[in-house]
Amino acid sequence: MKLFRQRTRICILSLLFLSVFCPILLLNESKGFIEDLSSFKGRRDLLKLNLVKQEEDEGFREPILNVYKDVNVDPLLSSRSPDVLNNSHEPISGKNNEFTEQNEGVPDEREEKMLLSPGKKGDIGRVRATLEHRALDKKIKEIKDQLIRAKAYLNFAIPANNAHLIKELRLRIKELERAMGDVTKDSDLSKRALQRMRAMEVSLQKASRMYPDCCGMVKKLRAMTNNAEEMVRVQKEQETFLVQLAGRTTPKGLHCLSMRLTAEYFALKPEERELSRSNPDVLHDDSDHYHFVVFSDNVLACAVVVASTLSNAKEPEKIIFHVITDSLNFPAFSMWFILNPPTKSTIQIHNTNNFNFNSNSITTQEHESQDPRYTSPLNHLRFYLPQIFTTLPKILLLDHDVVVQKDLTRLWRVKMEGKVNGAVKTCQGHDPAFRRMELLLNFSDPVVSGRVRNEGCTWAFGVNLFDLREWRNKDLTAVYDKYLQLGKKRPMWKAGSLPLGWLTFYNETIDLDKKWHVHGLGYHSGIKHEDIEQAAIIHYDGVMKPWLDIGIEKYKTYWKKHVKYDHPYLQQCNIA
């Protein structure tokens with residue numbers, strides 16, 4: 001009986017133990033199972049993300065190395081500005097930002113060997129400078145990265161229940177852009193900007209949890225990239241069109257100046273409209289004077305050419321300028337030089353309607369270009385210089401978009417060696433002024449390919465010394481007429497008179513020294529200051545003329561110093 005009671009007590013205690021502790025064990029087991037299930041789900045999501053990345057190109061397999069490794073950093077150029085280094089790739093996630101903070105400014109082994117290699121002076125200074133450059137503007141980069149990420153999230157598909165997050169991101173973008181302003185250095189950032197930066201990071205973390213679809217995000221980012229590239233292409237086309245339009249449009253100030261001068265010219269008496277001329281014998285065959293010719297329809301530009309030439313001439317009394325313009329601009333040109341006669345030198349204004357030879361044959365090729373620089377007969381009249389000046393032995397042609405900086409009379413001492421045209425040639429591809437002939441000439445035409453070689457040196461109109469005697473002997477005007485007529489029947493060249501000049505004066509051009517003529521100031525912004533200062537003539541060839549708003553600003557000073565801005569007509573027409 002006693003044994004039975006003991007066994008009964010043991011059974012009751014066992015039942016109590018099981019009733020109390022078994023639920024706890026079951027609960028713990030269930031929790032462990034749930035944790036294993038969630039970890040399995042996390043591993044499955046991670047595997048899915050890795051598969052998405054591996055489907056992309058090689059750059060996505062190791063995003064940390066591709067994104068954060070400094071690209072094209074020259075450790076020896078310790079004087080480079082931080083802005084150059086800011087062009088490297090920026091971080092794209094908050095987790096990667098921690099990686100950047102840990103590794104910021106730490107060079108790899110290869111760069112350390114380059115920096116600390118023996119035999120180089122100032123190694124320690126170069127290392128310090130490189131590390132300082134890498135550590136500069138880290139916060140600025142992070143802010144820019146945050147703005148890019150926030151704008152990317154705004155372009156993703158918007159779930160119906162996450163509209164509040166979209167509003168929050170837009171607010172954060174506006175606040176961060178306003179707080180950052182135009183700051184380019186970390187030292188200039190305010191505390192408010194850093195606070196906005198931390199708030200943006202919180203919002204971005206929310207957005208990353210709201211948009212877990214990595215495949216959709218990759219597709220959307222690609223679509224955004226393609227859209228941005230297309231917008232850039234359209235903007236470049238619009239820019240090109242607007243620049244070309246501005247280049248062939250007369251500014252309002254120049255039109256006003258021409259109209260005022262024309263009105264004043266017709267207000268004069270007939271006997272007052274004549275320019276004062278010197279002895280007419282100097283206009284014939286003489287060896288004591290230097291003859292210049294300018295074809296122009298721009299009064300102000302022509303005035304700069306004359307003024308700059310005479311201001312640098314050692315013997316201005318021996319210089320004779322021949323300005324050739326059309327009948328529309330003839331009154332304005334005449335009135336300007338009546339009011340501003342050149343001292344000691346002689347100037348003649350020629351009207352194209354008064355030429356004795358048949359100028360009606362001067363017609364341009366019928367092409368699609370509406371640019372007056374190409375269709376103007378003044379560009380083609382230069383091929384008739386022997387007919388215009390029947391007795392002159394030599395003449396120097398200047399375009400109206402040049403500025404003379406030295407005495408040009410020494411050009412008359414250049415030996416022409418039986419050639420007709422003296423010009424500065426461009427024969428090397430690295431020369432910014434170099435143009436291959438195939439750009440303007442159609443070498444598929446047998447006439448063109450039989451006349452010139454594509455590898456030959458090219459030259460430009462603008463500063464050309466012509467031996468008119470040799471020109472007449474070789475009858476190159478007839479050669480020009482021949483190619484002009486052939487070009488009307490089939491496409492042999494593109495718009496302009498330059499390709500016709502290459503055909504006409506092929507093997508008839510002598511190379512002048514490079515210092516006589518530096519061109520490209522109307523389209524190339526990288527011309528060295530030393531080359532411009534040493535040049536006898538600088539040429540604003542291209543669309544960006546110095547009298548236009550689109551002109552390259554750093555080159556305008558050479559042209560503006562010869563403009564009479566205190567002239568009452570220029571002030572009344574707001575030319576400044």
Side-chain angles (χ1 to χ4, degrees), residues 49 52-53 56-57 59-73 82-104 134-159 162 164-186 188-190 192-235:
L49 179 60
V52 171
K53 292 182 177 180
E56 307 301 328
D57 55 344
F60 284 92
R61 292 185 178 180
E62 296 180 1
I64 292 178
L65 294 177
N66 289 338
V67 173
Y68 293 100
K69 185 176 179 180
D70 290 338
V71 180
N72 295 331
V73 176
D83 296 336
V84 178
L85 300 179
N86 288 345
N87 294 329
S88 61
H89 298 287
E90 299 175 348
I92 59 175
S93 66
K95 187 177 294 185
N96 288 335
N97 288 343
E98 297 175 1
F99 178 85
T100 306
E101 292 176 1
Q102 295 173 3
N103 296 276
E104 186 70 34
R134 292 182 178 182
L136 284 176
D137 307 331
K138 181 177 66 175
K139 294 297 182 183
I140 296 294
K141 293 181 180 179
E142 293 180 5
I143 291 175
K144 292 179 179 179
D145 171 65
Q146 287 182 341
L147 291 173
I148 293 174
R149 290 161 56 197
K151 292 177 181 178
Y153 279 124
L154 289 177
N155 285 275
F156 295 150
I158 304 175
N162 290 333
H164 65 282
L165 179 61
I166 303 303
K167 294 181 181 179
E168 181 178 349
L169 286 175
R170 289 175 178 171
L171 178 62
R172 295 290 183 239
I173 291 174
K174 186 182 297 183
E175 291 176 348
L176 191 57
E177 288 179 343
R178 188 179 302 170
M180 182 180 177
D182 298 331
V183 175
T184 58
K185 296 181 181 179
D186 287 353
D188 297 334
L189 284 175
S190 62
R192 182 182 180 185
L194 299 178
Q195 294 174 355
R196 300 300 187 193
M197 179 180 173
R198 288 191 289 268
M200 173 63 85
E201 189 62 34
V202 174
S203 300
L204 290 174
Q205 291 177 359
K206 292 181 183 179
S208 64
R209 292 192 294 268
M210 293 292 184
Y211 303 108
D213 187 6
C214 295
C215 292
M217 293 173 66
V218 169
K219 292 179 181 178
K220 189 65 178 180
L221 285 172
R222 285 180 174 175
M224 291 169 58
T225 302
N226 294 334
N227 186 37
E229 291 177 351
E230 181 65 19
M231 291 177 62
V232 169
R233 185 187 65 81
V234 173
Q235 292 294 331

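These numbers come from a predicted model, not from an experiment. What you see below is based on every heavy atom in this structure, not just the backbone, and it leaves out hydrogens, waters and symmetry mates.
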Exercise for the section: Mind running side-chain contact (heavy atoms from CB on, under 4.5 Å) on R196 and M180 for me, showing each step along the way? Expected result: CA-CA 9 Å; R196 300 300 187 193; M180 182 180 177; over 6 Å; no
Practice task
With rounding to the nearest 0.5 Å, note down the distance linking CD1 in I140 to CG in D186.
Solution key: 5.0 Å
Practice task
Would you indicate whether the side-chain heavy atoms of I173 and M200 approach each other to under 4.5 Å?
Solution key: yes
Problem - Interatomic spacing from CG in D188 to NZ in K139 - rounded to 0.5 Å - result: 15.5 Å
Practice task
Check whether any side-chain heavy atom of K174 sits under 4.5 Å from a side-chain heavy atom of R178, and report yes or no.
Solution key: yes
Practice task
With salt bridge (Lys or Arg N to Asp or Glu O under 4.0 Å) as the test, would you mind laying out the steps for R198 and E142 before giving the verdict?
Solution key: CA-CA 11 Å; R198 288 191 289 268; E142 293 180 5; over 6 Å; no
Completion exercise
Interatomic distance, CG@L147 vs CG@L169, rounded to 0.5 Å, equals 11.0 Å
Practice task
Calculate, to the nearest 0.5 Å, the distance between atoms CZ and CG belonging to R170 and L165 respectively.
Solution key: 11.0 Å
Practice task
Answer whether the closest heavy-atom distance between the side chains of E201 and M197 falls below 4.5 Å.
Solution key: no
Handout entry: E175 CD to Q195 CD distance, which is reported to the nearest 0.5 Å
Key = 11.0 Å
Handout entry: Side chain proximity check, E230 to R233, heavy atoms < 4.5 angstrom
Key = yes
Exercise for the section: Calculate, to the nearest 0.5 Å, the distance between atoms CZ and OG belonging to R149 and S203 respectively. Expected result: 11.0 Å
Practice task
Of all the heavy-atom pairs spanning S190 and A179, show the shortest one and how long it is.
Solution key: OG-O, 4.3 Å
